[in-house]
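This report refers to the structure that appears directly beneath it.
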Amino acid sequence: MNIILLAPPAAGKGTQSSKIVSFYHLKHISTGDLLRNCLKKNDDLATSLREVMNAGKLVSDEIILKLIENELVDSDYEGVVLDGFPRNLTQAKKYEELLNKLNQTLDLVLYLDTEKEVLEKRIVGRRTCSSCGKIYNVMIEEEKPKVEELCDNCNISLTHREDDNSETFTKRFETYMKETEPLIQFYENKGILKRIDASLSTEEVFNLIRKEMDLLK
Ligand code: AMP
C-alpha cells in the first residue's frame, strides 16, 4: 500500500502521517524530517540545505530523490506513507518510475485541503519534540502538551522549527502554490486523489482518512 499525503505547509501532514502509520503499520517517510536530520551534521551540505529551507524554497530534486531511493530500496516494509514528497511534477514522475522499477503501484493520494489563514495560525503555535518527533500545537487545545512546552513522552523541552515563522511561511506557501499545487490536477487525472477537509479537528480528519484507507482493503 503506497500513499501520498499532499498538503500545503502546516496542514497536518506530519500529525496525520504518524497516526496513519501507527494504525495501519506502514512505513513513514518524511522528506522534511530526513532533511532536518541532515541539518544536525553541521557540515557544508547542512549549511546549504538550511539556507534553502529557511528561504522557504525547495531543496534540489537530485538530493531529494537520493533520500527517497535509499529509504524505498533499503527497507523491509508493507507500505509507505509519503509525507512532503513529491513536491513538484519532476519528483512525481521520478517516483512513478521508481515504483515501476520496484513493481509497485501508488494506491492513494490524500489531499489535505485547508485555507491559508488556518495554516498561518497553526505555524505560529507548532512545536516538536526533537527526541521522539511528536508534533504539538500550543494554540490548539487538543494538540497542547500536558505540561506547557514539555513533551508528554520524553519530558524534554519542545522546539520550534527554524522555518516555522510568518515570513518563511509566506514564502513556503508561495512555493507550494507554484510547484506543488499542480500535483492535485496530476493525481486527479489518474483518479487516485481524495480531498480531505483538513480544517477539522485532528481526530475528525483522521476519521475521514480512515474511511478512504479502508476502501483500499
Ligand atoms: P516539511 O517538513 O515537509 O514542511 O519540509 C520542510 C522543508 O524541507 C521545505 O520547506 C523544503 O525546503 C524542504 N523539503 C521537504 N521535502 C521536500 C521535497 N520533497 N522537495 C524539495 N524540498 C523539500
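Each ligand, and each atom within it, is numbered from 1 in the order the structure gives. Computed from a predicted model, the values in this text were never measured in an experiment.
- Near Thr31, the atoms of ligand 1 lying under 4.0 angstrom from a non-hydrogen atom of the residue are 15 (C), 16 (N), 17 (C), 19 (N).
- Neither side chain, Asn207 nor Glu203, offers a donor N or O lying under 3.5 Å from an acceptor on the other.
- Using a 4.0 Å cut-off between heavy atoms, Lys171 makes no contact with ligand 1 at all.
- For Asn165 and Thr168, the side-chain atoms include at least one donor-acceptor pair closer than 3.5 Å.
- Residue Leu35 approaches ligand 1 through these ligand atoms, each under 4.0 Å from one of its heavy atoms: 8 (O), 13 (C), 14 (N), 15 (C), 23 (C).
- Aromatic ring centres of Phe23 and Phe206: separated by under 6.0 Å.
- Atoms of ligand 1 lying under 4.0 Å from any heavy atom of Gln91, numbered from 1 in the order shown and given with element: 18 (C), 19 (N), 20 (N), 21 (C).
- Side-chain contact, Glu142 with Thr202: a donor N or O sits under 3.5 Å from an acceptor N or O.
- In summary, the atoms of ligand 1 found under 4.0 Å from a heavy atom of Arg36, numbered by their order in the structure, are 2 (O), 6 (C).
- The ligand atoms of ligand 1 that sit less than 4.0 angstrom from a heavy atom of Lys57 are 11 (C), 12 (O).
- Donor-acceptor pairing under 3.5 Å is lacking for the side chains of Asn100 and Tyr95.
- A donor-acceptor pair shorter than 3.5 Å can be found between the side chains of Glu204 and Ser201.
- Nearest protein heavy-atom neighbour of atom 7 (C) of ligand 1: Met53 CE, 3.9 Å.
- Looking at ligand 1, you won't find any N or O of Asp163 less than 3.5 Å from one of its N or O atoms.
- The single protein non-hydrogen atom nearest to atom 22 (N) of ligand 1 is Val59 N, 3.0 Å, given as residue, atom name and distance.
- Separating the CD1 atom in Ile196 from the CG atom in Leu110 is a distance of 5.5 Å, to the nearest 0.5 Å.
- Residue-level proximity to ligand 1 for Arg172 is carried by the side chain, the only part with a heavy atom below 4.0 angstrom.
- Atom CG of residue Leu58 and atom OG1 of residue Thr175 lie 5.5 Å apart, to the nearest 0.5 angstrom.
- In terms of N/O distances under 3.5 Å, ligand 1 is approached by Arg87.
- At under 3.5 Å, not a single nitrogen or oxygen of Leu58, backbone or side chain, sits near a nitrogen or oxygen of ligand 1.
- If you check the side chains of Ser199 and Glu115, you find no donor sitting under 3.5 Å from an acceptor.
- Annotation: Ile64 places no N or O atom under 3.5 Å from an N or O atom of ligand 1; distance criterion only.
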